[in-house]
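Residue numbering restarts at 1 for every chain, and letters A, B, ... go by the order of the sequence lines.
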Number of protein chains: 2
Amino acid sequence: MPDGIERSLLAAIVEGRLAPGAQLSEAQLAEAFGVSRTLVREALARLQARHVVAVRPRRGWFVARPDSDEAAQVFAARRAVEHGFLATARPFDAEQVARLEAHLAEERDAIAQGDKPRLTYLMGDFHARIVALSGNEPLTEIMRNLTARTILISLCRQSSDDALASHRDHVRIVGAIASGDMALAARLSVEHLDAVEAGLGRDTAPDPLAALRDTLRLDPAPDGAASPLAPSPH
Amino acid sequence: MPDGIERSLLAAIVEGRLAPGAQLSEAQLAEAFGVSRTLVREALARLQARHVVAVRPRRGWFVARPDSDEAAQVFAARRAVEHGFLATARPFDAEQVARLEAHLAEERDAIAQGDKPRLTYLMGDFHARIVALSGNEPLTEIMRNLTARTILISLCRQSSDDALASHRDHVRIVGAIASGDMALAARLSVEHLDAVEAGLGRDTAPDPLAALRDTLRLDPAPDGAASPLAPSPH
DNA sequence: AATGCAGGCCTTGCATGCAAGACTGATCGA
DNA sequence: TCGATCAGTCTTGCATGCAAGGCCTGCATT
């Protein structure tokens, strides 16, 4: 169902080639893909439904920049979905476990080769693949969306980038699944997500005024019409 | 984000005014809503992304008719999401519980008044509202989609229509939540979904030949190229 | 030098036009 | 009477055209 345009854009975004906040011009994309604006608009609309891009009326399309609230909610949603899936899933058979271990090998390779974009993708996709192996399409789609948003979240923040720690967590989760202890796998997944979320830094460039505000040591305006004449604490 | 057209269509579908399998003409909808086909197409595309309508190329748009496989997967997804949400959620406070009890009162009213469409909506929305009360938007959106698809599923089947049994399950779930026993609520939710799924009848009109086959007392063809000349068991 | 203002350029929003596939029904032939 | 073919009509698919809103730049003014 997703056409090539949606796929290309999504790939470019989750691989970091299109940074959060980047503007996407319908006309430019149309020319780049060799189609009319109509198809580009449809692809963008689908990505908007997935919270991957956002449109500002008459302004343009932009790669989404999830704020802290949204980030927290996405992580909470992932905890719920991943825990629920593992807690209600039947134990995996040998072939499914083998595929997970193959994925772990991929992660190892990416780490060894220092292939950062690929690693980012793999770390997120690990969780989606677990669900995908169950064959449940609705849940897989849900997980793919949530992991895409998670990638966007970490791209917006100075992630502490402990890929090795995450990889170790993944190994442990696969171990639990392989031993048939789905409840343990569920618990480990939640802890893993907690760890990843805790490792997220502050929002990078929350808005263009942040640097200025920081320089001037002004507090963020409590609401719309706040003191432009606040006494400077020198 | 969802415009009025998408909302109207979705409402008409989940309330049963637009039956599963019904065709939706872009031109007719455009005229009905007083807009051009463009906006109708965008709304339909969004509903397609939510698996509520489907398009057959050059044929037309149709209200989705989930098959048994999809139905099973949607129920499995709901089990995972609802269980995971309750198992990872913090206990509800008094106001949240009060809102759930208000919902139960609505269900009671609808049952008392025999308001079938409203009841169908309320029974599905109960689960979405539990999640909505947590304030988690991504998860709420996920649940709303899954419940909409669930409604579509029961509309396709001769549901055994034990609204009272479902209501009793809901009362029990709210009771568990009220007592702070989220693990119990999670377990009850999964059992409730199992019961609802088990109560689903066979697919109504799996294909246009079903009625004929039933009338003639023919067995369903075992596979594609099966006996059009089977001896009639008179 | 700083500020207000206007013209132009950029963007999307939406309608419309045209082409092509798929089904329907009628007509023609055997 | 049955079957096949072909025109007509319906549908979507996609491109394009036009209008309207927001922003940026350059100029005039103070």
Side-chain angles (χ1 to χ4, degrees), chain A residues 1-10 12-13 18-65 205 207-210 212 216 224 228-229 232, chain B residues 1-10 12-13 18-65 205 207-209 211-212 224 228-229:
Chain A
M1 184 199 319
D3 60 7
I5 299 173
E6 182 179 1
R7 269 238 266 273
S8 295
L9 283 174
L10 183 59
I13 290 171
L18 240 35
Q23 183 163 5
L24 304 166
S25 157
E26 291 182 4
Q28 285 178 19
L29 291 174
E31 192 182 351
F33 285 108
V35 297
S36 79
R37 281 177 49 215
T38 305
L39 293 183
V40 172
R41 270 182 80 79
E42 287 179 5
L44 287 171
R46 278 191 292 269
L47 290 173
Q48 181 189 21
R50 299 169 68 175
H51 300 94
V52 167
V53 305
V55 62
R56 279 152 69 184
R58 308 273 182 194
R59 284 288 319 263
W61 297 87
F62 300 86
V63 179
R65 288 210 317 104
D207 68 349
L209 294 177
L212 180 61
L216 301 178
L229 296 178
S232 70
Chain B
M1 185 201 318
D3 60 6
I5 298 173
E6 181 180 1
R7 269 237 265 271
S8 294
L9 284 175
L10 183 59
I13 291 170
L18 239 35
Q23 184 162 5
L24 304 166
S25 157
E26 290 181 4
Q28 285 179 20
L29 291 173
E31 192 181 351
F33 285 108
V35 298
S36 79
R37 280 178 50 216
T38 305
L39 292 183
V40 172
R41 270 182 80 79
E42 286 179 6
L44 287 171
R46 277 191 292 269
L47 290 173
Q48 181 189 23
R50 298 169 70 175
H51 299 94
V52 167
V53 306
V55 61
R56 281 152 68 184
R58 307 275 182 194
R59 286 288 320 263
W61 297 87
F62 300 86
V63 179
R65 288 209 319 103
D207 68 348
L209 294 178
L212 179 61
L229 297 177

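- A donor-acceptor contact under 3.5 Å is formed by the side chain of R37(A) with the base of dG13(C).
- Distance CG/L47(B) to CG/L24(B): 9.0 Å, rounded to 0.5 Å.
- Of the candidate nucleotides dA15(C), dC14(D), dG13(D), dC14(D) has the atom nearest to the side chain of L39(A).
- Between D3(A) atom CG and dC14(D) atom C1' there is a gap of 13 Å when expressed in whole angstrom units.
- At least one side-chain nitrogen or oxygen of R41(B) sits closer than 4.0 Å to the OP1 or OP2 atom of dG13(D).
- Phosphate proximity of dT11(C) to S25(A): present, with a side-chain N or O under 4.0 Å from OP1 or OP2.
- Closest contact between the side chain of V55(A) and the listed nucleotides dT11(C), dT11(D), dG13(C) involves dG13(C).
- As rounded to whole Å, 10 Å separates atom P of dA15(D) from atom CD of E42(A).
- L29(A) places its CG atom 17 Å from the P atom of dC14(D), with the value rounded to the nearest Å.
- As rounded to whole Å, 15 Å separates atom C1' of dA20(D) from atom CD of E26(A).
- Using a distance-only test at 3.5 Å, with no hydrogens or angles considered, no donor-acceptor pair links the side chain of E6(B) to the main chain of E42(B).
- Between the CD atom of Q23(A) and the P atom of dC23(D) there is a distance of 11 Å, rounded to whole Å.
- Of the side-chain N and O atoms in S36(B), one or more sit less than 4.0 angstrom from OP1 or OP2 of dA15(C).
- Shown here is Q23(B), whose CD atom has more than 12 heavy atoms of other residues, nucleotides or ligands within 6.0 Å.
- In terms of position along DNA chain D, the nucleotide closest to P57(B) lies nearer the 5' end than the nucleotide closest to the other residue of the pair R58(A) and P57(B).
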Dot-bracket notation for DNA chain C, counting Watson-Crick and G-U pairs under 3.5 Å, with | for partners on another strand: ||||||||||||||||||||||||||||||
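- Distance, L44(A) CG to dC14(D) P: 15 Å, rounded to whole Å.
- Each of R56(B) and G60(A) was matched to the nucleotide of DNA chain C holding its nearest heavy atom; the match closer to the 5' end belongs to G60(A).
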